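Note that the coordinates shown come from a computational prediction; the quantities given were computed from them, not determined experimentally.
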Amino acid sequence: MNTRVLICSLALLFLFKSIQAVAQGDIAKLFEQKSKHVMTSGSGTVIEILDGDTCQCFVVRLPNNQIVNIVHDTSHAASLDTLKEGEVIEFHGIYDWSETGGNISHTYSDNSDNRGWLKYRGEVFQ
């Protein structure tokens, strides 16, 4: 096996070990465990839209009443221009613990193994 292939294989193995996949509904556990860099999915109601320069940021209340901040990088994916408070959104991205409930980022797909997305009004944004 050539050295380049070996290095790439090891890098991918490290990536898969550091970003775990978590099913919807486990975000409460992620919060309790103060987890970071965990791929997860969920849905909730937008309760506040925040200002952001290169990111579209909004606060979502999950069905269990937990609050998460969604940080959607609009330099990698289209923005949700018509998003309003009170609307339901689905998400798939990387969870990072914070005292306020957590942040979901990487809600876009790129050339790496990142396959995040947002689903809004039946349309997938990635």
Residue pairs involving residues 116-126 (criterion salt bridge (Lys or Arg N to Asp or Glu O under 4.0 Å); sequence neighbours excluded): Glu87-Arg121

From SG (Cys57) to CG (Asp51), nearest 0.5 Å: 9.0 Å

Residues in side chain to side chain donor-acceptor pair (under 3.5 Å) contact with Asp81, at least two apart in sequence or another chain: Ser79

Rounded distance [0.5 Å steps], CD1 in Ile67 versus CD in Glu48: 9.5 Å

Side chain Gln126, main chain Leu118, donor-acceptor under 3.5 Å: no

Pairs meeting criterion ring pair (Phe, Tyr, Trp, His ring centres under 6.0 Å) with involvement of residues 59-78, two or more places apart: His76-Tyr108

Where Asn64 and Ala28 come nearest, the two heavy atoms and their spacing: ND2-CB, 3.5 Å

Closest contact, heavy atoms only, Val88 versus Tyr120: O-CD1, 4.2 Å

Heavy-atom side-chain contact between Thr40 and Leu30 under 4.5 Å: yes

Rounded distance (nearest 0.5 Å) linking atom CD1 of Ile27 with atom OG of Ser35: 11.0 Å

ILVMFWY clustering at 4.5 Å (side-chain atoms), partners of Trp117: Val124

For Ile49, side-chain contact (heavy atoms from CB on, under 4.5 Å) partners two or more places apart: Val46, Phe58, Leu83, Glu85

Sidechain-backbone polar pair: Thr107 side chain, Gly116 backbone, donor-acceptor under 3.5 Å: no

Donor-acceptor contact below 3.5 Å, side chain Trp97 vs main chain Gly102: no

Non-neighbouring partners of Ser98 that pass side-chain contact (heavy atoms from CB on, under 4.5 Å), sequence neighbours left out: Thr100, Asn103

Val38 side chain reached by Lys36 side chain, heavy atoms, under 4.5 Å: no

Heavy-atom side-chain proximity of Arg61 to Gln66 below 4.5 angstrom: no

Rounded distance (nearest 0.5 Å) linking atom CD of Glu99 with atom CZ of Phe31: 8.0 Å

Heavy-atom check, side chain of Ile104 versus side chain of Asn69, under 4.5 Å: no

Taking every non-hydrogen atom, the tightest pair across Arg115 and Met39: N-CE, 4.5 Å

Student check: side-chain heavy atoms of Leu62 and Val68 closer than 4.5 Å: yes

In one Ile/Leu/Val/Met/Phe/Trp/Tyr side-chain cluster, 4.5 Å: Phe91, Val71: no

Test side chain to side chain contact (heavy atoms under 4.5 Å, CB included) applied to Thr45 and Val60, step by step: CA-CA 5 Å; Thr45 303; Val60 172; 5.8 Å; no

For the student: nearest non-hydrogen atoms of Ser43 and Pro63, plus distance: O-CD, 3.2 Å

